[in-house]
Asker: 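This is the structure, below, for whatever I ask next.
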Amino acid sequence: MILPTRFYIKVCAALFALLALTWGLAYVDLGSLNLGIAMGISIAKAVLIMLFFMHVRDSGRLVQLVACAGFFWLLILLGLAMSDYQSRGWVPTRRPDLSQSHPASKGEVPRGL
Amino acid sequence: MSEKSAAVAHQFETIEQQREAATLGMWVFLATEVLFFGGLFMGYTYTRWSYPYTFEQASHHLDATIGGINTAVLLLSSLMMALAVKSAQLGKRKPLVTYLLLTALLGMVFLGFKALEYHEDYVDHIVPGIRGFNFEGGSPRHAELFFWIYFAMTGLHAIHVTAGIIVITVMAVLAWRRSFSSEHFMSVEVTGLYWHFVDIVWVFLFPLLYLAGHR
């Protein structure tokens with residue numbers, strides 16, 4: 001399937017608009033929403049590139065499945081690893097006070113330790 | 001079977017089957033690439049989650065203007081690559097060569113800006129392990145972690161861009177020598193998939209590394 005040149009240019013224009021949006025929003029303080037919105041815009045850009053530049057929309061089911069698989073595994077990697085770190089300390093244990101006993105780290109005490 | 005064209009290798013029945021197999025092979029490779037970069041994204045996520053304040057301070061030190069321009073350069077190069085594949089589909093040789101060379105050129109512009117930026121980082125003593133790392137604000141040890149991750153992620157990405165430029169240049173030479181036709185252009189299409197993937201990686205690196213600390 002051959003897509004018209006104007007269509008590719010429109011996709012690229014949309015990508016530039018999203019780039020401008022993410023760049024501009026970075027200077028607005030939205031608290032913890034900043035990261036979520038920035039990632040949402042990046043995902044939208046990636047989906048546009050995959051669907052139209054990489055022709056995933058017009059590919060067979062098998063290619064579409066494999067194209068999603070890598071990102072699905074990445075979510076498993078991030079999800080399981082972060083749920084481990086996040087849930088450490090939920091079960092109370094005796095642990096050393098790192099803010100006192102760690103003179104080398106003059107600054108933040110890592111979370112989840 | 002007898003009317004199989006010369007572009008179809010002997011193990012395939014039709015040109016469509018051959019095309020689908022090549023595309024699928026590239027996507028399997030790209031899935032492994034997602035996880036190759038994924039390890040670094042995991043490291044980024046954990047470290048930023050652990051030291052959010054220092055990460056924002058360190059991120060603020062990066063040049064968001066160069067990072068943003070480079071994002072635009074890569075997006076534009078992706079458009080050039082998409083138009084190259086379209087020219088290949090239509091069997092137009094000269095536009096194919098031109099668009100491939102433009103893609104490679106924009107890739108080199110990207111690397112040029114990256115080199116400029118790395119040089120600034122070198123002068124500013126924020127390259128971990130070289131010339132004595134020195135960072136004011138936040139906690140220096142954890143800022144150093146941020147810059148390790150920054151150099152690992154952008155470095156691995158730059159290696160991918162370099163490989164892409166080499167392959168695209170080879171494709172341009174092959175196209176110039178009339179190696180492709182509107183039937184047989186799989187190498188161009190598969191190279192395009194790889195280049196767009198490299199673009200997608202940067203689409204995530206730009207906000208995560210450059211824009212984390214600007215608000």
Side-chain angles (χ1 to χ4, degrees), chain A residues 1-5 8-9 11-12 15-16 18-20 22-23 25-31 34-35 38-39 41-43 45-46 49-50 52-56 59-60 62-74 77-78 81-82 85-86 104-113, chain B residues 20 23-24 26-28 30-35 37-39 41-42 45-54 64 67-68 71-72 75-76 78-79 81-83 85-86 89-90 138-143 189 192-193 195-197 199-201 203-208 210-215:
Chain A
M1 187 166 178
I2 299 172
L3 301 169
T5 303
Y8 283 122
I9 293 173
V11 172
C12 192
L15 289 169
F16 270 95
L18 287 170
L19 167 63
T22 196
W23 205 343
L25 280 176
Y27 295 89
V28 184
D29 192 353
L30 301 167
N34 275 85
L35 180 62
M39 285 300 95
I41 294 172
S42 288
I43 290 167
K45 281 156 89 179
I49 294 171
M50 284 173 69
F52 304 118
F53 283 178
M54 300 170 95
H55 300 146
V56 168
S59 298
L62 186 59
V63 166
Q64 292 177 340
L65 193 68
V66 173
C68 296
F71 295 98
F72 179 66
W73 288 326
L74 179 62
L77 171 69
L78 293 173
M82 286 319 290
Y85 289 122
Q86 189 81 49
S105 68
K106 294 188 238 93
E108 291 182 83
V109 175
R111 282 203 261 174
L113 265 179
Chain B
E20 169 114 18
T23 311
L24 181 64
M26 193 62 194
W27 274 109
V28 170
L30 292 184
T32 70
E33 287 275 272
V34 169
L35 293 172
F37 279 98
F41 277 100
M42 179 65 234
T45 308
Y46 172 68
T47 321
R48 181 168 178 181
W49 173 79
S50 300
Y51 314 104
Y53 173 71
T54 311
T71 314
L75 289 177
L76 203 59
S78 257
L79 174 66
M81 193 70 225
L83 294 177
V85 171
K86 183 194 156 87
Q89 286 173 328
L90 295 169
S139 92
R141 271 179 78 244
H142 303 140
E189 182 153 346
L193 288 178
W195 189 256
H196 295 310
F197 168 78
D199 189 16
I200 288 178
V201 172
V203 156
F204 284 93
L205 288 183
F206 172 57
L208 286 176
Y210 291 83
L211 300 179
H214 273 285
R215 61 204 161 87

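Here the structure is a predicted model, which is why all the values come from computation and not from measurement. Quick note on labels: first sequence line is chain A, next is B, and so on, each numbered from 1.
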Asker: Parallel, tilted or perpendicular: which describes the rings of B:Trp49 and A:Tyr85, with under 30° parallel and over 60° perpendicular?
Answerer: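 Geometry flag for A:Tyr85 against B:Trp49: tilted rings.
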Asker: If I measure from the heavy atoms of chain B, does A:Val11 come under 4.5 Å with its side chain, its backbone, both, or neither?
Answerer: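 No part of A:Val11 comes within 4.5 Å of chain B.
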Asker: Using 0.5 Å steps for rounding, measure from the CG atom of A:Leu15 to the CG atom of B:Leu75.
Answerer: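 Atom-to-atom, A:Leu15:CG and B:Leu75:CG are 5.5 Å apart.
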Asker: Output the option from A:Ile9, A:Val66, A:Leu18 having the highest count of non-hydrogen pairs under 4.5 Å with chain B.
Answerer: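 Option with the top pair count is A:Val66.
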Asker: Could you tell me the separation between the OG atom of A:Ser59 and the CG atom of B:Leu193, rounded to the nearest 0.5 Å?
Answerer: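 Reported value, rounded in 0.5 Å steps: 8.0 Å.
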Asker: Which answer fits B:Leu30, side chain, backbone, both or neither, if we ask what part of it has an atom under 4.5 Å from a heavy atom of chain A?
Answerer: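 B:Leu30 touches chain A through side-chain heavy atoms alone.
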Asker: Supply the atom-to-atom distance B:Leu79 CG to A:Phe53 CZ, rounded to the nearest 0.5 angstrom.
Answerer: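 Between B:Leu79 CG and A:Phe53 CZ, I get 5.0 Å after rounding to 0.5 Å.
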Asker: Against chain A, work out which of B:Gly39, B:Ala82, B:Gly67 has the most heavy-atom pairs shorter than 4.5 Å and name it.
Answerer: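 Maximum pair count with chain A is reached by B:Ala82.
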Asker: Indicate the atoms forming the closest heavy-atom contact of A:Gly70 with B:Ala31, along with that distance.
Answerer: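 Shortest heavy-atom contact: CA-CB, 3.9 Å.
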Asker: State whether the side chain of B:Lys86 and the backbone N or O of A:Ile2 hold a donor-acceptor pair below 3.5 Å, judged by distance alone.
Answerer: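 No, the answer is negative, given that no donor and acceptor are paired below the 3.5 Å cut-off.
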Asker: Any side-chain heavy atom of A:Lys45 sitting closer than 4.5 Å to one from B:Thr71?
Answerer: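 Result yes, sub-4.5 Å side-chain heavy-atom pair found.
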Asker: For B:Val203 and A:Ile41, run side chain to side chain contact (heavy atoms under 4.5 Å, CB included): C-alpha distance rounded to whole Å, both residues' side-chain angles, the deciding distance at 0.1 Å, then the answer.
Answerer: CA-CA 9 Å; B:Val203 156; A:Ile41 294 172; over 6 Å; no
Asker: Which atoms form the tightest heavy-atom contact between B:Gly68 and A:Trp23, and what is the distance?
Answerer: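 Looking at all heavy atoms of both residues, the shortest contact is CA-CH2, 3.5 Å.
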Asker: With a 4.5 Å limit on heavy-atom distance, are the side chains of A:Met39 and B:Phe204 in contact?
Answerer: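 They are in contact (side-chain heavy atoms under 4.5 Å apart), so the answer is yes.
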Asker: Distance from A:Leu62 atom CG to B:Glu20 atom CD, nearest 0.5 Å?
Answerer: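 Output value for this atom pair is 6.0 Å.
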Asker: Using heavy-atom distances under 4.5 Å, tell me whether A:Ala67 contacts chain B through its side chain, its backbone, both, or neither.
Answerer: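 Contact with chain B: backbone and side chain both.
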Asker: Any chance you could measure B:Thr45, atom OG1, to A:Leu78, atom CG, to the nearest 0.5 Å?
Answerer: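 Here the interatomic distance stands at 5.0 Å.
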Asker: Working to the nearest 0.5 Å, report the span between OG1 of B:Thr23 and NE2 of A:His55.
Answerer: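 So the gap between those two atoms works out to 10.0 Å.
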Asker: Report yes if the side chains of B:Phe206 and A:Leu19 come closer than 4.5 Å at any heavy-atom pair, otherwise no.
Answerer: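 Yes. Closest side-chain heavy atoms under 4.5 Å.
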Asker: What are the two closest non-hydrogen atoms of B:Trp27 and A:Met54, and how far apart are they?
Answerer: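 Minimum heavy-atom contact is CH2-CE, 3.5 Å.
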Asker: Please test A:Leu77 against B:Phe41 for side chain to side chain contact (heavy atoms under 4.5 Å, CB included), starting from the C-alpha separation and ending with a verdict.
Answerer: CA-CA 10 Å; A:Leu77 171 69; B:Phe41 277 100; over 6 Å; no
Asker: What part of B:Glu189 gets within 4.5 angstrom of chain A, counting heavy atoms only: side chain, backbone, both, or neither?
Answerer: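 Contact with chain A: side chain only.
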Asker: Between B:Leu83, B:Val201, B:Val85, which has the largest tally of heavy atom pairs under 4.5 Å with chain A?
Answerer: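 Maximum pair count with chain A is reached by B:Leu83.
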